[in-house]
Amino acid sequence: LSQLKLRSSLCYMNKFQLFAQPWWVNLFATIPFIAYYLWRKEGLVISKWTLIISGLFGIAFGFVEASVVVYLRAAVGLLPGYGGSLSDVARLSADIYQQAQILSELPKSLLAVEFFREAATMIMLLSIALVAVKSLRERWAIFLWAFATRDIFYYIGLWATVRWPSSLLTPDVLFLIPVPWFSQVWFPILISALTMVAVVITRKDVK
């Protein structure tokens, strides 16, 4: 039954869709605006160096996550050309690669691994925020900053290796916790970009 729901959700998102699923996922689109409103008056006391280092962490983490997705598809036999070079993978996989489809193909054991990997991802992003700055509002900002850079470079990493997503309208599964989140690729990329803008324009240099 869950696989049938997944396939129907993916078919529904073949064309431009304004809203993500489930409905409450769309509330995350308000995060950059709420964050800007809360930060704009006093500003964020974050050094440029802290922002750069946490951003590099997010970038590197994004490529690690992309690699995990590629390995998962290879493990379940859904990635043609992986025995050759990366160009072979990209050439043979570009037309058939659908990240969202992987949930319906993964065995339960690997699906459980995916679930705990996502939980570990959140812990790692929280950890970098906790050690980077001291105040709660700056920690929240660093968490969002690292999460946003990780999100954007996750898709960049996938495109660089397997030429997926083919467009910003490509459907994807964003998270599994507590239930699968579905949206087109443009949705998380736009939210992440706006979040990074909110951090940059409200940040002030440490004296």
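Both backbone and side-chain heavy atoms feed into the values below; hydrogens, waters and symmetry mates do not.
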Novice: Please report the shortest heavy-atom distance between Val133 and Arg139, naming the atom on each side.
Specialist: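 In this case the closest contact between Val133 and Arg139 is O-NE, 2.9 Å.
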Novice: Please walk me through it: do Tyr154 and Val64 pass side chain to side chain contact (heavy atoms under 4.5 Å, CB included)?
Specialist: CA-CA 8 Å; Tyr154 163 74; Val64 169; over 6 Å; no
Novice: Begin with the C-alpha distance, continue with both residues' side-chain angles, and end with the deciding distance and a verdict on side chain to side chain contact (heavy atoms under 4.5 Å, CB included) for Trp164 and Trp159.
Specialist: CA-CA 4 Å; Trp164 184 94; Trp159 189 88; over 6 Å; no
Novice: Could you go step by step and tell me if Phe147 and Thr195 meet the side chain to side chain contact (heavy atoms under 4.5 Å, CB included) rule?
Specialist: CA-CA 9 Å; Phe147 192 101; Thr195 299; over 6 Å; no
Novice: To the nearest 0.5 Å, tell me how far Thr30 OG1 sits from Leu194 CG.
Specialist: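 Spacing of OG1 (Thr30) from CG (Leu194) equals 11.5 Å.
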Novice: From Thr161 OG1 over to Phe63 CZ, what is the distance, rounded to the nearest 0.5 angstrom?
Specialist: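 The OG1 atom of Thr161 sits 8.5 Å away from the CZ atom of Phe63.
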Novice: Are Trp181 and Phe28, when compared by the centres of their aromatic rings, separated by less than 6.0 Å?
Specialist: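 Yes, the ring of Trp181 comes within the 6.0 Å limit of the ring of Phe28, centre to centre.
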Novice: Could you check whether any side-chain heavy atom of Arg137 comes within less than 4.5 Å of a side-chain heavy atom of Val45, counting everything from C-beta outward?
Specialist: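 They are not in contact (no side-chain heavy atoms under 4.5 Å apart), so the answer is no.
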Novice: Taking all non-hydrogen atoms of both residues into account, name the closest pair between Pro22 and Pro180 and its distance.
Specialist: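 Answer, listing the atom of Pro22 first, then Pro180: CD-O, 3.6 Å.
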Novice: So among Leu174, Ile123, Leu176, Val113, which one has a side chain to side chain contact (heavy atoms under 4.5 Å, CB included) with Glu118?
Specialist: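 Result for side chain to side chain contact (heavy atoms under 4.5 Å, CB included) with Glu118: Leu176.
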Novice: Drop me the distance from Ile128's CD1 to Leu56's CG, to the nearest 0.5 angstrom.
Specialist: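 It is 10.0 Å, given to the nearest 0.5 Å.
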Novice: Can you check whether Phe57 reaches Leu125 side chain to side chain, under 4.5 Å on heavy atoms?
Specialist: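 Heavy-atom side-chain distance check passes, below 4.5 Å.
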Novice: Evaluate Arg203 against Trp145 for side chain to side chain contact (heavy atoms under 4.5 Å, CB included), listing each step before the verdict.
Specialist: CA-CA 12 Å; Arg203 186 192 71 87; Trp145 173 262; over 6 Å; no
Novice: Within a strict 4.5 Å, meaning less than it, do heavy atoms of the Tyr155 and Pro165 side chains meet?
Specialist: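 Heavy-atom side-chain distance check passes, below 4.5 Å.
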Novice: Determine whether Trp39 and Tyr36 fall in the same hydrophobic cluster, where Ile, Leu, Val, Met, Phe, Trp and Tyr are linked whenever their side-chain heavy atoms lie under 4.5 Å apart.
Specialist: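 Hydrophobic grouping puts Trp39 apart from Tyr36.
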Novice: Quick check: does any side chain N or O of Thr50 sit under 3.5 Å from a backbone N or O of Ile46, one acting as donor and the other as acceptor?
Specialist: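 Looks like no, no N/O pair under 3.5 Å.
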Novice: May I ask you to establish whether Arg117 and Phe115 are in a cation-pi arrangement, using a distance under 6.0 Å from NZ or CZ to the six-membered ring centre and at most 45° from the ring axis?
Specialist: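 Negative - Arg117 is either too far from the ring of Phe115 or too far off its axis.
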Novice: Are there more than 12 heavy atoms of other residues, nucleotides or ligands under 6.0 Å from atom CH2 of Trp24?
Specialist: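 Yes, the 6.0 Å shell around CH2 holds more than 12 heavy atoms from other groups.
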Novice: Is Ile189 close to Asp151 at the side-chain level, that is, under 4.5 Å between some pair of heavy atoms?
Specialist: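 With C-beta onward as the side chain, the pair stays apart.
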Novice: Answer with yes or no whether the hydrophobic clustering places Ile152 together with Ile201; edges join I, L, V, M, F, W, Y residues whose side-chain heavy atoms lie under 4.5 Å apart.
Specialist: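 Each belongs to a different hydrophobic cluster.
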Novice: Could you give the distance from CD1 (Ile191) to CZ (Phe33), rounded to the nearest 0.5 Å?
Specialist: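 Output value for this atom pair is 9.0 Å.
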Novice: Under 4.5 Å between side-chain heavy atoms, counting indirect links through other Ile/Leu/Val/Met/Phe/Trp/Tyr residues: same cluster for Leu130 and Phe143 or not?
Specialist: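 They do not share one cluster, since no chain of ILVMFWY contacts under 4.5 Å joins Leu130 to Phe143.
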Novice: Return the minimal non-hydrogen interatomic distance between Ile142 and Ser54, and the atom names on each side.
Specialist: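 Residues Ile142 and Ser54, closest heavy atoms: CD1-OG, 3.8 Å.
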Novice: Would you call Phe182 and Asp172 a side-chain contact if the rule is heavy atoms closer than 4.5 Å?
Specialist: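 Counting from C-beta outward, Phe182 and Asp172 never come under 4.5 Å.
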Novice: Minimum heavy-atom separation for Leu44 and Ala141, please, with both atom names.
Specialist: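 For Leu44 and Ala141, the tightest heavy-atom pair comes out as CD1-CB, 3.6 Å.
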Novice: State, to 0.1 Å, how close Glu42 and Lys204 come at their nearest heavy-atom pair, and which atoms those are.
Specialist: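 Taking every non-hydrogen atom into account, O-NZ, 2.9 Å.
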Novice: So, does Arg150 use its side chain to make a donor-acceptor pair with the main chain of Phe61 at under 3.5 Å?
Specialist: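 No, Arg150 side chain to Phe61 backbone: no donor-acceptor pair under 3.5 Å.
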Novice: Between Thr170 and Gln184, is there a side-chain donor-acceptor contact under 3.5 Å, judged purely by atom types and distance?
Specialist: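 Result is no, nothing qualifies.
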Novice: With a 4.5 Å heavy-atom cut-off, do Val197 and Pro32 have their side chains touching?
Specialist: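 Contact flag for Val197/Pro32 side chains = no.
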Novice: Less than 4.5 Å apart, side chain to side chain, heavy atoms only: is that true for Leu169 and Gln17?
Specialist: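 Side chain of Leu169 against side chain of Gln17, heavy atoms only: no contact under 4.5 Å found.
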Novice: Does Leu136 share a hydrophobic cluster with Trp140, counting links as ILVMFWY side-chain heavy atoms below 4.5 Å and allowing steps through other members?
Specialist: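 No, because Leu136 and Trp140 fall into different hydrophobic clusters, even though each may have its own neighbours under 4.5 Å.
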Novice: Roughly how far, to the nearest 0.5 Å, is CZ of Phe187 from OG of Ser192?
Specialist: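 If we round to the nearest 0.5 Å, Ser192:OG and Phe187:CZ are 10.0 Å apart.
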Novice: So Pro171 and Ser183, do their side chains get closer than 4.5 Å, heavy atoms only?
Specialist: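 SC-SC contact between Ser183 and Pro171 ruled out.
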